[in-house]
Amino acid sequence: MADTLIMFNIRKKGFIIVLSAFMMIMAFWLQGCSLDNTAYDEEPVKDSESIAGSLITVGFSQVGSESDWRMANTKSVQEAFTVDKGYALIFNDGQQKQENQIKAIREFIDQDVDYILLDPCVEKGWDSALREAKEAGIPVIVYDRMVDVSDTDLYDAWIGSDFYLEGKKACTWLTEYLESIEYDGDINIVDLQGTLGASAQIGRTKALNDAVSKNGKWHLIAQETGDFTTAKGKEIMEAMLIKNGGNINVVYCENDNMAYGAIEAIRAAGYKIGTNLKNNEILILSFDASNEGLRLTMDGVIAVNTECSPLYGDMLVEMIEALGDGEKLEKNTYIEEEQFSNFKGIGSLRIDGNSYFVNEVDEELLENREY
Ligand code: GZL
């Protein structure tokens, strides 16, 4: 500090007084910092080692990075489990392979994390890994997709979507749509399925299959997995168009990314997309309600988009805090989700005694959405 004074070519007395006063305050403050801090009743300054030791460690086994939904979900979890909230989040991208996720769970056990978060790429095959976590005394919260295990005590709680209801909403909308345009002819449907064995695929596919079996005029002429990706969605749509060409009336896309691929393929093949079935426009039904998916819905390219929220971060923090406080969690919790369409005339749906709004998309809604 003294050197600094020498470096100054000080001319005015007043400046010296101000500088001296400043230095006295600085000296007092710096001296105060080096004391044991008790003088200021502040928390003792911790070193990085003790900070790390006080954090709650959470091993996060994520499905992959296959879709807009997945990226939004990863962001939601990472933004919720931060160091300043007392968490050390250890993220693992499973690249849509169960063996990678099981390996990650075992690594989390070796690292003796405090909690494990699992979004399972498929439902079956988790018993041994979850049993190892249980034996290690590490609580596991499963979210989004479900695990199908021999003993539900192998995980502490699940929170996610009702995928069958999502599919039922989409199929009920299609029924209402056909009635609203007074169309009582046959329709040919193709299904771009999600990752086979994933809860989202199981539920959405079953809802469509059940609707087709109830509607004698609905014909499911092709059904194949696009693995929730844009590239695979485009690839299987191209093949379906070659095989079925102008006979396709409805494309049931089990997520937005496959819808993007399907739209590209349909346009390249020269077919029309929209909501005028009688004018041979192909209807696109999609799921997720991601930002790009809703923009396409606003433009009438996607006829109806059934939401599947990826925003689990804060809910998962609350669940871990509750476990930390010794609370018992509900075993299974379903999240509320909406539906979107800019086709005029279907404002709500009635399903199993419940009403579900169908929201119109506009720029304001798009700007205010978190994903
Ligand atoms: C559904 C989620 C699915 C999304 C896809 O909850 O698991 O996985 O619908 C994502 O977009 O890839």
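Whatever order the structure lists them in is the order used to number ligands and atoms, beginning at 1. Counting begins at 1 with the first residue of the sequence.
Under the rule for a salt bridge (Lys or Arg N to Asp or Glu O under 4.0 Å), Glu235 has no partner lying at least two apart in sequence or in another chain.
Residue-ligand proximity, Phe163 to ligand 1, at heavy-atom distances under 4.0 Å covers atoms 1 (C), 6 (O). Heavy-atom proximity to Cys308, at under 4.0 Å, picks out these atoms of ligand 1: 1 (C), 6 (O). Numbered from 1 in the order shown, with element, the atoms of ligand 1 that lie under 4.0 Å from a heavy atom of Arg204 read 1 (C), 9 (O). For ligand 1, the atoms closer than 4.0 angstrom to any heavy atom of Ser67 are 5 (C), 10 (C), 11 (O), 12 (O). Heavy-atom proximity to Ala200, at under 4.0 Å, picks out these atoms of ligand 1: 1 (C). Remark: ligand 1 atoms within the under-4.0 Å shell around heavy atoms of Asn255 are 5 (C), 9 (O), 11 (O).
When each of Asp227, Asp93, Asp144, Asp288 is checked for a salt bridge (Lys or Arg N to Asp or Glu O under 4.0 Å) with Arg70, only Asp144 meets the rule. Of the residues Phe60, Tyr115, Phe81, the one that meets the ring-ring contact (aromatic ring centres under 6.0 Å, His included) test with Tyr87 is Phe81.
Counting non-hydrogen atoms of other residues, nucleotides and ligands closer than 6.0 Å to CD of Glu321 gives a total above 12. Around atom NZ of Lys328, no more than 12 heavy atoms belonging to other residues, nucleotides or ligands sit under 6.0 Å away. When the shell of 6.0 Å around CG of Asn276 is examined, it contains more than 12 heavy atoms from other residues, nucleotides or ligands.
Summary of contacts: the protein heavy atom closest to atom 12 (O) of ligand 1 is Glu66 OE2, 2.5 Å. When hydrogens are left out, the protein atom nearest atom 9 (O) of ligand 1 is Asp288 OD1, 2.6 Å; that is the closest non-hydrogen contact. Summary of contacts: the protein heavy atom closest to atom 8 (O) of ligand 1 is Arg145 NH2, 2.8 Å. Nearest protein heavy-atom contact of atom 2 (C) of ligand 1 is Asp144 OD2, 3.5 Å.
Ring geometry for Tyr312 against Tyr143 counts as tilted: the plane angle lies between 30° and 60°, on a 0 to 90° scale.
Panel note: side chain Tyr252, backbone Thr205; no donor-acceptor pair is recorded below 3.5 Å.
Ligand 1 lies nowhere less than 4.0 angstrom from a heavy atom belonging to Ser161. In this structure, Glu166 has no heavy atom closer than 4.0 Å to ligand 1.
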